[in-house]
Amino acid sequence: MSSTKARILEVAAELVANSPDGDVSTRAVCEAAGVGAPALYRHFGDKEGLLSAVVDHGYEKYLTTKRSRRPGTDPVQDLRDGWDTHTDFALRNPNLYRLMNSPAMRTPPAAALESHRILTADLRRAAEQGKLRLAPELAAQMIMSANVGVSLMLVSRPTTFTDGTLSRRIRDAVHAVVFTPEAMGPETTSADDEEAGAEEARVEEARVEEVLPATATHLAALLRRTPRPDFTPGESALLGEWLDRLSNTTPE
């Protein structure tokens with residue numbers, strides 16, 4: 001990266017972080033960086049390109065910790081930790097986080113796409129261990145949308161969303177839908193014994209209806225990891241399609 005491009009990026013990131021509403025103008029960036037508008041547009045194309053670069057630059061440190069993390073023996077715990085880390089990043093970088101998830105960003109920043117890929121990979125590990133009751137791709141969409149949603153509310157409306165346990169409660173509620181009952185550890189148990197007992201009874205009653213999607217998800221993950229030589233490519237594709245349908249079946 002050229003020194004001019006790096007200077008523009010650093011200045012833009014600082015202006016975004018300190019902006020009351022998280023927005024900056026290209027004129028302000030050029031003035032603070034001591035460059036002309038042609039230099040900014042030559043390196044970043046337009047304002048959206050600049051802001052996408054700012055998001056990727058700021059999110060890089062967060063992704064570095066995810067890339068270097070060695071998978072634990074329990075992917076469910078890794079996913080709990082990943083949710084908490086995501087929320088913590090949003091709270092420490094509110095303007096950057098709002099910018100990253102802004103509808104005005106027509107092209108998703110590369111950082112967001114990589115984060116989603118890492119989440120899906122962890123869910124595939126859970127599926128291979130028989131801990132997932134949905135297809136990994138669908139589970140990733142559910143978890144990411146919920147995690148982003150609660151994080152945006154916490155940074156955008158802090159005077160309304162004041163409960164410090166909100167993110168954890170939503171995390172556990174979503175995970176209870178995504179993972180099999182056997183995969184859920186003591187962290188997801190409510191502090192209120194009566195509520196926890198009622199939830200446990202409800203989960204037990206629904207267990208029969210949950211076995212088929214979870215088993216199909218497990219089998220699909222194992223077959224994708226180790227394709228069977230017994231099947232032709234067409235048979236494997238058809239079996240995968242059937243298993244995916246069963247994985248995404250909603251219990252009635």
Side-chain angles (χ1 to χ4, degrees), residues 16-17 19-23 48 51-52 54-56 58-63 65-66 75-124 126-127 131-179 183-185 187-191 195 199 202-203 213 217 247-248 250-251:
V16 167
S19 170
D21 58 2
D23 192 22
E48 182 178 339
L51 295 179
S52 290
V54 167
V55 168
D56 288 334
Y59 210 49
E60 180 64 24
K61 291 182 180 178
Y62 168 68
L63 286 179
T65 63
K66 282 185 168 289
V76 176
Q77 185 59 51
D78 288 345
L79 287 157
R80 288 194 190 105
D81 295 340
W83 178 294
D84 294 341
T85 302
H86 184 116
T87 303
D88 181 65
F89 174 83
L91 293 173
R92 288 186 290 104
N93 303 273
N95 283 351
L96 179 66
Y97 192 79
R98 282 194 294 267
L99 177 61
M100 181 177 181
N101 294 284
S102 170
M105 302 287 281
R106 296 187 299 273
T107 302
L113 298 176
E114 183 175 355
S115 179
H116 194 91
R117 286 193 295 268
I118 293 172
L119 170 62
T120 304
D122 282 341
L123 285 163
R124 285 177 179 149
K131 297 180 176 181
L132 202 62
R133 66 172 71 171
L134 302 171
E137 293 73 19
L138 175 59
Q141 292 176 36
M142 293 172 65
I143 291 175
M144 184 62 77
S145 59
N147 201 173
V148 170
V150 69
S151 296
L152 280 174
M153 290 300 98
L154 290 173
V155 301
S156 300
R157 303 179 185 174
T159 58
T160 301
F161 295 86
T162 58
D163 188 342
T165 67
L166 179 64
S167 177
R168 177 180 58 79
R169 288 175 181 272
I170 295 177
R171 178 201 70 187
D172 291 348
V174 173
H175 283 188
V177 175
V178 168
F179 299 116
M184 302 302 289
E187 277 199 28
T188 60
T189 302
S190 171
E195 290 183 6
E199 176 65 14
R202 184 192 66 78
V203 170
T217 297
S247 298
N248 296 327
T250 301

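The figures here come from the full heavy-atom set of this structure, side chains too, leaving out hydrogens, waters and symmetry mates. Quick caveat, the model's predicted, so the values are computed rather than measured.
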> With side chains defined as the heavy atoms from C-beta onward, is the minimum distance between Leu79 and Leu119 less than 4.5 Å?
Replying inline: yes
> Does the side chain of Phe161 reach to within under 4.5 Å of the side chain of Val150, using non-hydrogen atoms?
Replying inline: no
>> Once rounded to the nearest 0.5 Å, what's the spacing between atom CG of Leu123 and atom NZ of Lys131?
In response: 12.5 Å
>> To the nearest 0.5 Å, what is the distance between CZ on Arg117 and CG on Leu63?
In response: 9.5 Å
> Applying ring pair (Phe, Tyr, Trp, His ring centres under 6.0 Å), which residue pairs with at least one partner in residues 137-159 are found, sequence neighbours left out?
Replying inline: none
>> Applying ring pair (Phe, Tyr, Trp, His ring centres under 6.0 Å) as the test, list every pair that has at least one member in residues 92-119; sequence neighbours left out.
In response: His86-Tyr97
>> Under the rule for side chain to side chain contact (heavy atoms under 4.5 Å, CB included), what residues qualify as partners of Ser102, not counting sequence neighbours?
In response: Ala104, Met105
Kindly give the heavy-atom pair with the smallest separation between [X] and [Y], and that separation in Å.
| X | Y | answer |
| --- | --- | --- |
| Pro75 | Asp122 | CB-O, 3.8 Å |
| Asn95 | Val16 | ND2-O, 2.8 Å |
| Met142 | Leu134 | SD-CD1, 3.4 Å |
| Val174 | Ile143 | CG1-CG1, 4.0 Å |
| Thr120 | Ala140 | OG1-CB, 3.4 Å |

>> Using the salt bridge (Lys or Arg N to Asp or Glu O under 4.0 Å) criterion, which residues pair with Asp78? Sequence neighbours excluded.
In response: Arg69, Arg125
> For Arg124, which residues count as a salt bridge (Lys or Arg N to Asp or Glu O under 4.0 Å) partner, sequence neighbours excluded?
Replying inline: Glu137
Compile the donor-acceptor pairs under 3.5 Å between side chains in residues 151-160 and protein atoms, sequence neighbours left out, one pair per line.
| residue | atom | partner | partner atom | Å |
| --- | --- | --- | --- | --- |
| Ser151 | OG | Asn147 | O | 2.8 |
| Ser156 | OG | Leu152 | O | 2.9 |

